[in-house]
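Naming: A, B, ... by sequence-line order, numbering from 1 per chain.
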Amino acid sequence: MHLGHLRNIFLGHSVSRILQSAGHEVIKVQVINDRGIHICKSMVAWQKYGKGETPASVGVKGDKLVGKYYVEFDKEFKKQVQEQEAGGKAKELAEKEAPILLEAQEMLRKWEANDPEVRALWSTMNGWCYEGFDATYARAGVDFDKNYYESQTYILGKADVLGGLRKGVFYEKDGAVWVDNTKEGLDEKVLLRRDGTSVYMTQDIGTAIKRFEEHPGLSKLIYTVGNEQDYHFKVLFLILKKLGFPWASELFHLSYGMVDLPSGKMKSREGTVVDADELIEEVVSEARRTGEELSKLEGFSEAEKDALYEMIGLAALKYFLLKVDPKKRMLFDPAASIDLQGHTGPFIQYTHARIKSLLRKAGELSHGAGQLTTDNYHLLPEERVVLKLLHQYPVVLHEAATKLDPSSLANHAYEVVKAYNSFYQAIPVMKEEDAGKRAFRLALSAAVARQPRRRCGAWASKCLSGCSSYGLRAFAPLRPISDQNFGQGTILCLRFLACLGHS
RNA sequence: GGUCCCGUAGCUCAGCUGGAUAGAGCACCUGCCUUCUAAGCAGGCGGUCGUUGGUUCGAAUCCAACCGGGAUCGCCA
């Protein structure tokens, strides 16, 4: 797994949470691409150079070990191509006829023929991958309700395509089944090969149909897949529409941009990727380093400290990836990704911790018990800014849910917290003599701390209505968080390209 | 070449359903910890919003063309 996958899973998971917050039921599913030539490449390389290595025997995470042999394969492949080219062969031909590639193709044929030995190796190595994934998911705090495996779903869709052929939606040419999308400004596309086998599109047609059969109330199906597949989904959605499925208009491709490195593009094949586990480790270490430097944690056990650093590190990473508009490609800056200051996740956590500490102390002194008197209370500018931002929260949440864009919510959280810090620095809370003001400030603090978790827009709204005589009437009216956009259930689908990923 | 996406401070990004002096963070400079956590706060430096036209009382925001970057156009996934 690499950085690109992290953007994928964090995005998908975040959107699922946002939709839930907005009142939708969400089913999170994942498609694991567990078959195909890329798996076979790893298998071949492992057979040749693996010397029986297992994750346990070398102490390497399963998915990483399999990924290592994917890189090994590519190395050997390139070497062979070079040798053949030196022998006077054309590059194209050399690439087609590299012995190791032929072996992988043979392996794929055997897999499809259910060769017991190949299948056994395949299961074993896939098992390694899944163990590795599970470990990373657990650490990253993401989960799925269901996994789909392409080894099982790739058969789907054939009957649907043939049905479409009978209905005249598709046509036959050279023995293959095609769809003609030229009227819609797209191209013609093969849906079933001449030999009757499926292509990538076929199974996506099948799985989409299957999902709506399995979940009849489904109102939306969201595919979280990188923008290199924009065209694919455009075609897929159009095909399903042509097949006459009324839900075809509810399909949505949550397309996100690639993550680039300062050194250029990441390529799994060449091993030039930022490894997800290593990155997590690094940012957690950074949290530890900084934490120990500041030494604010005396009285914490080692286990508590570890848990804290883990939380901080992951927050840094998640926020780093989620604060950017999903559809934009982003540049990965290694230093900025582990930064804990400024516009970061830990900044927000820090403010949260500050408030909790404040509230704890207030509780001990029972300072929060005062009567909230907002009607005749002149808000200070610092308080007003915070309140105003809190009040916007429902609108921002609604917007994030509608646009399926966590970045707007992430940026809003930052604005709130930033405004709160200004307030906190400038205005005393506990030292305030007036019980009503003190209670208000504590309640304001509590609302800020609550904001990332619950809705506090209503609270802010109530305060503001009490304060309307102080020029706060100009706020935009709240739009209701309605379900009309989504209805009952939403399936969020992340396409995960096995452990090897796409280059 | 067709289609789609992107172009805002040195760097990374907000703002883009049109509205007042274009905002943050990082970096750099100056202040602030005997007072609720300084992972913080206040201030400074820094931008002809890719270019040129158009629509409009008004454009970073809408439209067109162009320039620059990227993706995609397989009986691959």
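If you measure from atom NZ of K327(A) to atom P of rC16(B), you get 11 Å, rounded to the nearest angstrom. Rounded to whole Å, atom P of rC5(B) lies 21 Å from atom CE of M330(A). Between Q229(A) atom CD and rC73(B) atom C1' the separation is 14 Å, expressed in whole Å. Rounded to an integer number of Å, the gap from CG of L321(A) to C1' of rA14(B) is 17 Å.
Both Q341(A) and Y414(A) lie close to RNA chain B; mapped to their nearest nucleotides by heavy-atom distance, the more 5′-ward contact belongs to Y414(A). Between L186(A) and I312(A), the one whose closest nucleotide on RNA chain B sits nearer the 5' end is L186(A).
Here the separation of rA64(B) from rA24(B), taken at their C1' atoms, is 33 Å to the nearest Å. Comparing rC5(B) with rG10(B), their C1' atoms are spaced 26 Å from each other, to the whole Å. Rounded to the nearest Å, the gap between the P atom of rC11(B) and that of rU48(B) is 13 Å. For the C1' atom pair drawn from rG47(B) and rA38(B), the interatomic distance equals 30 Å after rounding to whole Å. rG74(B) and rC13(B): their P atoms are spaced 31 Å apart (whole Å). Comparing the C1' positions of rC49(B) and rU8(B) gives a spacing of 4 Å, expressed to the nearest Å. On the P atoms, rG40(B) is 10 Å away from rG25(B), given to the nearest whole Å. Atom name P, nucleotides rA14(B) and rG53(B): the rounded distance is 29 Å, in whole Å.
Closest to the D339(A) side chain, of the nucleotides rG40(B), rC26(B), rA77(B), is rC26(B). In the set rC36(B), rC75(B), rU3(B), rC36(B) carries the atom at the smallest distance from any side-chain atom of V429(A). Picking from rA71(B), rC75(B), rG40(B) the nucleotide with the shortest atom distance to the side chain of A176(A) gives rC75(B). Side-chain proximity of K418(A) to the nucleotides rA14(B), rC36(B), rG25(B) is greatest for rG25(B). If you check rU12(B), rG40(B), rU37(B) against the side chain of N421(A), the one that comes closest is rG40(B).
Across all strands shown, rG7(B) pairs with rC67(B); the Watson-Crick or G-U wobble distances both stay below 3.5 Å. A 3.5 Å limit on both hydrogen-bonding distances identifies rG54(B) as the Watson-Crick or G-U partner of rC62(B). Checking rA38(B) for Watson-Crick or G-U wobble geometry (two distances, each under 3.5 Å) identifies no partner in any strand.
For the pair K265(A) and rA71(B), the criterion of a side-chain N or O lying under 4.0 Å from OP1 or OP2 is met. In terms of phosphate contacts, S422(A) brings a side-chain nitrogen or oxygen within less than 4.0 Å of OP1 or OP2 of rA42(B). For K189(A) and rC73(B), the shortest distance from a side-chain N or O to OP1 or OP2 is not below 4.0 Å. Listed pair K173(A) / rC75(B) fails the phosphate criterion, with no side-chain N or O lying under 4.0 Å from OP1 or OP2. Between R193(A) and rC76(B) there is a side-chain N or O to OP1 or OP2 distance below 4.0 Å. Here Y424(A) reaches the OP1 or OP2 of rU37(B): one of its side-chain N or O atoms lies under 4.0 Å away.
For the pairing with N181(A), the side-chain hydrogen bond (donor to acceptor under 3.5 Å, both in side chains) check across K234(A), K189(A), K242(A) returns one residue only, K242(A). For the side-chain contact (heavy atoms from CB on, under 4.5 Å) test with F423(A), the passing option among V448(A), V385(A), V429(A) is V429(A); the others fail.
Taking the six-membered ring where the residue is Trp, the centroids of H253(A) and F237(A) are separated by 6.0 Å or more.
A salt bridge links D260(A) and R329(A); the closest N-O separation between the charged side-chain nitrogens and carboxylate oxygens is under 4.0 Å. Using a 4.0 Å cut-off between charged side-chain N and carboxylate O, D306(A) and R288(A) make a salt bridge.
Minimum interatomic distance between Q349(A) and M311(A) (heavy atoms only, all atoms of both residues): NE2-O, 3.3 Å.
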